[in-house]
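Throughout, protein chains are lettered first and strands after them, A, B, ... in sequence-line order, and every chain is numbered starting at 1.
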Number of protein chains: 2
Amino acid sequence: MKISSKSKYGTRAVLEIALNQNSKLLTRKQISRNQEIPSSYLVNILISLKAKGIIRTIRGPHGGYELAREPVDITVFDIVEVLDGPFELSANLNDEKNFSKSSTSVSMGVWTRVEKAQGDVLKGITINDLVQETRNLYSPDFSI
Amino acid sequence: MKISSKSKYGTRAVLEIALNQNSKLLTRKQISRNQEIPSSYLVNILISLKAKGIIRTIRGPHGGYELAREPVDITVFDIVEVLDGPFELSANLNDEKNFSKSSTSVSMGVWTRVEKAQGDVLKGITINDLVQETRNLYSPDFSI
DNA sequence: GAATAGTTTATCAATTTTGTAAACTTACTT
DNA sequence: AAGTAAGTTTACAAAATTGATAAACTATTC
């Protein structure tokens, strides 16, 4: 799997929405401006995130985007899988055809292990974690 | 970082050379045939591997390729770094420009952790490991 | 010096990624 | 009900990357 800028944009967009979840809906324009993501590219990303049930929308005037689940229930893996997925381990199978050859099946095991490690890291980070980290950076705890 | 088929070809090529290291040099044609890698694509891969000191060559008739280091001293990370690198963690810095913004620097931390996890897996697997695994598959130990 | 095998360089086609545009739908407001 | 602000859908296109190929070149052996 690859983590393209689409996933990076997507993660920042969801984080942006999460950071404002108590105030109001965010419009695409606001997300685009605050996170410096091309607005017409952001369209595609938001649509995908909605389709996967990560964000929710309200149309019409005063509409916008909000989270569909609690930040603690959204992992970065969820976002990356939508935007750069599918993250299935079997993806490698199509890649290296002749896996009857033992050297091929052995090397395949390497890529499988790498993907698993990636996935584990991404599954271990929730949007809530990122919100907390961001708040800590913004107003750090200056306890001596 | 992404692991393209270039790295996959490269790993199989080095493994192929390692599996034959006691017998003789392997020509590009042999590697190409045995591992089903397009010969003219393999050229580029072998050149890169040589430049990085992973393999060594002898030119002229009866020439070919051999390992430049012991299989136990070549990790898959070495190979992937040559062919899909650079694997530097700072690569993300160019990616997400405005990292003065705290949400950006927070999300960057995610990708850094993913790359680190990937790298750790790749650094933990040597060509010697792959040779052993391949031999085990080829003539397994049938102890009841 | 002829044959073999690696080297270098340049190019090209296919794919993927990134980004844009325009017509369309929904829903609020007056 | 009309106007407007928002999200939706579809299609397309530019840019970058990847995968692959070819041809001229250099070194080495016999």
Q: Tell me what A/Thr57 touches on the nucleic acid: a base, only sugar-phosphate, or nothing, going by heavy atoms under 4.0 Å.
A: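 Sugar-phosphate, backbone atoms only, no base.
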**Q.** Heavy-atom protein contacts under 4.0 Å, nucleotides 23-30 of chain D, coded B base, S sugar-phosphate only, - none
**A.** ---BBBBS
Q. Reading nucleotides 11-16 of chain D 5' to 3', which nucleotides get B (base under 4.0 Å from a protein heavy atom), which S (sugar-phosphate only), which -?
A. ------
Specify the separation, in whole Å, of atom [atom1] of [X] and atom [atom2] of [N].
| X | N | atom1 | atom2 | result |
| --- | --- | --- | --- | --- |
| A/Ile31 | D/dA6 | CD1 | P | 13 Å |
| B/Leu25 | C/dA5 | CG | P | 11 Å |
| A/Gln30 | D/dG7 | CD | C1' | 14 Å |
| A/Leu42 | D/dT9 | CG | P | 15 Å |
| A/Lys24 | D/dA5 | NZ | P | 17 Å |
| B/Ile37 | D/dT18 | CD1 | C1' | 16 Å |
| A/Glu66 | D/dA6 | CD | P | 15 Å |

Who pairs with [X] by side chain to side chain contact (heavy atoms under 4.5 Å, CB included), at least two apart in sequence or on another chain?
| X | result |
| --- | --- |
| A/Pro61 | none |
| A/Arg113 | B/Val121, B/Ile125 |
| B/Gln30 | B/Lys24, B/Leu26, B/Thr27, B/Arg33 |

Could you tell me if the side chain of [Y] sits less than 4.5 Å from the side chain of [X], heavy atoms only?
| X | Y | value |
| --- | --- | --- |
| A/Ile79 | A/Ile127 | yes |
| B/His62 | B/Leu25 | no |
| A/Tyr65 | A/Asn20 | no |
| A/Thr75 | A/Leu122 | no |

Could you list the protein-to-nucleotides 16-18 of chain C atom pairs, N/O on both sides, closer than 3.5 Å?
residue: C/dT18; atom: OP1; partner: A/Ser5; partner atom: N; Å: 3.2
residue: C/dT18; atom: OP1; partner: A/Ser5; partner atom: OG; Å: 3.0
residue: C/dT18; atom: OP2; partner: A/Ser4; partner atom: OG; Å: 3.1
residue: C/dT18; atom: O5'; partner: A/Ser5; partner atom: OG; Å: 3.4

Q: Mind checking side-chain hydrogen bond (donor to acceptor under 3.5 Å, both in side chains) for B/Ser39 and listing every partner two or more places apart, or none if nothing turns up?
A: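 Partners of B/Ser39 under the side-chain hydrogen bond (donor to acceptor under 3.5 Å, both in side chains) test: B/Arg28.
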(Q) List the residues meeting salt bridge (Lys or Arg N to Asp or Glu O under 4.0 Å) with B/Asp73, not counting sequence neighbours, and say none if there are none. (A)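 None.
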(Q) So, using salt bridge (Lys or Arg N to Asp or Glu O under 4.0 Å) as the criterion, who are the partners of A/Asp78 when residues are at least two apart? (A)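 Salt bridge (Lys or Arg N to Asp or Glu O under 4.0 Å) check on A/Asp78 returns A/Arg69.
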Q. Are the side chain of A/Ser32 and the backbone N or O of A/Ile37 linked by a donor-acceptor pair below 3.5 Å?
A.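 Yes: the side chain of A/Ser32 pairs with the backbone of A/Ile37.
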Q | Pairs where residues 22-41 of chain B contributes a residue and the test ring pair (Phe, Tyr, Trp, His ring centres under 6.0 Å) is met, not counting sequence neighbours | A |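 Matches after skipping sequence neighbours: B/Tyr9-B/Tyr41.
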Q: Using heavy atoms and a sub-4.0 Å distance, could you list which residues of residues 45-56 of chain A are near DNA chain D? By number, please.
A: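 Per residue number, the list reads A/Ile47, A/Lys50.
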Q: Give every residue pair that meets the salt bridge (charged side-chain N to carboxylate O under 4.0 Å, His left out) criterion with at least one member in residues 46-58 of chain A, sequence neighbours excluded.
A: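 Residue pairs with at least one partner in residues 46-58 of chain A: A/Lys52-A/Glu81, A/Arg56-A/Glu66.
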